[in-house]
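This report refers to the structure that appears directly beneath it.
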Amino acid sequence: QVQLVESGGGLVQAGGSLRLSCLVSGGTFSSYTMGWFRQAPEKEREFVAAIGWRGSIYYADSVEGRFTIARDNAKNTVYLKMNSLKSEDTAVYYCAAKRFAIVTIDREYAYWGQGSQVTVSS
């Protein structure tokens, strides 16, 4: 079974940085598009960033220039480096995977991590 395990969340002051990691097992990681989504209290889940199996990268406008997504196929791991964090970045962050073509729609992703809380204090 395909499993995604996230780590790296926590509490950080505004302006600080965090790096989330997502380890994938049970599938062919190199053929997956990997995405990051987040959900704040009382809000819908929203797209954050994605990296395709051939290296294409998309970011939400709200994080462009501050967040960086990367993948290490040798480690079956995708990362989300978050810089210049703002209070509005506070949310549960989810790693997700789908086969092949990159998309930014959450319902297209078949596999999901457990979620990782990121809290940014003012």
Check for me, please, whether F29 and I69 land in the same ILVMFWY cluster - side-chain distances under 4.5 Å, paths through other members count.
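They do share one cluster, since a chain of ILVMFWY contacts under 4.5 Å joins F29 to I69.
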Would a hydrophobic clustering, with Ile, Leu, Val, Met, Phe, Trp and Tyr connected at side-chain separations under 4.5 Å, put F67 with F37?
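Shared cluster, no.
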Please work out which of the three classes, parallel, tilted or perpendicular, describes the rings of F100 and W53, given edges at 30° and 60°.
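Answer is perpendicular, since the angle exceeds 60°.
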Quick one: sort the Y32 and Y111 rings into parallel, tilted or perpendicular, breaks at 30° and 60°.
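Aromatic pair Y32/Y111 classed tilted.
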Do [X] and [Y] come within less than 4.5 Å of each other through their side chains, counting heavy atoms only?
| X | Y | result |
| --- | --- | --- |
| V103 | Y109 | yes |
| Y94 | L4 | no |
| E46 | D106 | no |
| S62 | R38 | yes |
| V2 | W112 | no |

Tell me the disulfide (SG to SG under 2.5 Å) pairs involving residues 44-122, sequence neighbours left out?
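Of all non-adjacent pairs touching residues 44-122, those that pass disulfide (SG to SG under 2.5 Å) are C22-C95.
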Check: [Y] main-chain N/O paired with [X] side-chain donor or acceptor under 3.5 Å:
| X | Y | answer |
| --- | --- | --- |
| T77 | L23 | no |
| S30 | N73 | no |
| R71 | G52 | yes |
| Q114 | E6 | yes |

Aromatic ring proximity Y58/F47, centre distance under 6.0 Å
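Between Y58 and F47, the centre distance exceeds or equals 6.0 Å.
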What's the shortest heavy-atom distance between S116 and G8, and which atoms?
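Taking S116 first and G8 second, the nearest heavy atoms are OG-C, 4.5 Å.
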Closest non-hydrogen atom pair, A14 against S122:
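That closest heavy-atom pairing would be CB-CA, 4.5 Å.
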Quick one: [atom1] on [X] to [atom2] on [Y], what's the gap to the nearest 0.5 Å?
| X | Y | atom1 | atom2 | result |
| --- | --- | --- | --- | --- |
| T119 | D89 | OG1 | CG | 11.0 Å |
| L18 | M82 | CG | CE | 4.5 Å |
| L20 | K81 | CG | NZ | 10.0 Å |
| E108 | I102 | CD | CD1 | 13.0 Å |

Is the NZ or CZ atom of R66 both under 6.0 Å from the centre of the six-membered ring of Y59 and within 45° of that ring's axis?
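Verdict for Y59: no cation-pi partner in R66.
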After noting the C-alpha distance and the side-chain angles of V24 and M34, does the key distance pass the side chain to side chain contact (heavy atoms under 4.5 Å, CB included) rule?
CA-CA 10 Å; V24 180; M34 300 299 302; 3.7 Å; yes
Is there a side chain to side chain contact (heavy atoms under 4.5 Å, CB included) between Q13 and L85 once you walk through the steps?
CA-CA 8 Å; Q13 285 190 305; L85 283 161; over 6 Å; no
If you count the non-hydrogen atoms of other residues, nucleotides and ligands that lie under 6.0 Å from CD in E88, is the total more than 12?
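It does: E88 CD has more than 12 such atoms within range.
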Does Q3 have any side-chain hydrogen bond (donor to acceptor under 3.5 Å, both in side chains) partners at least two apart in sequence or in another chain, and if so, which?
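Per chain and number, Q3 pairs via side-chain hydrogen bond (donor to acceptor under 3.5 Å, both in side chains) with no residue.
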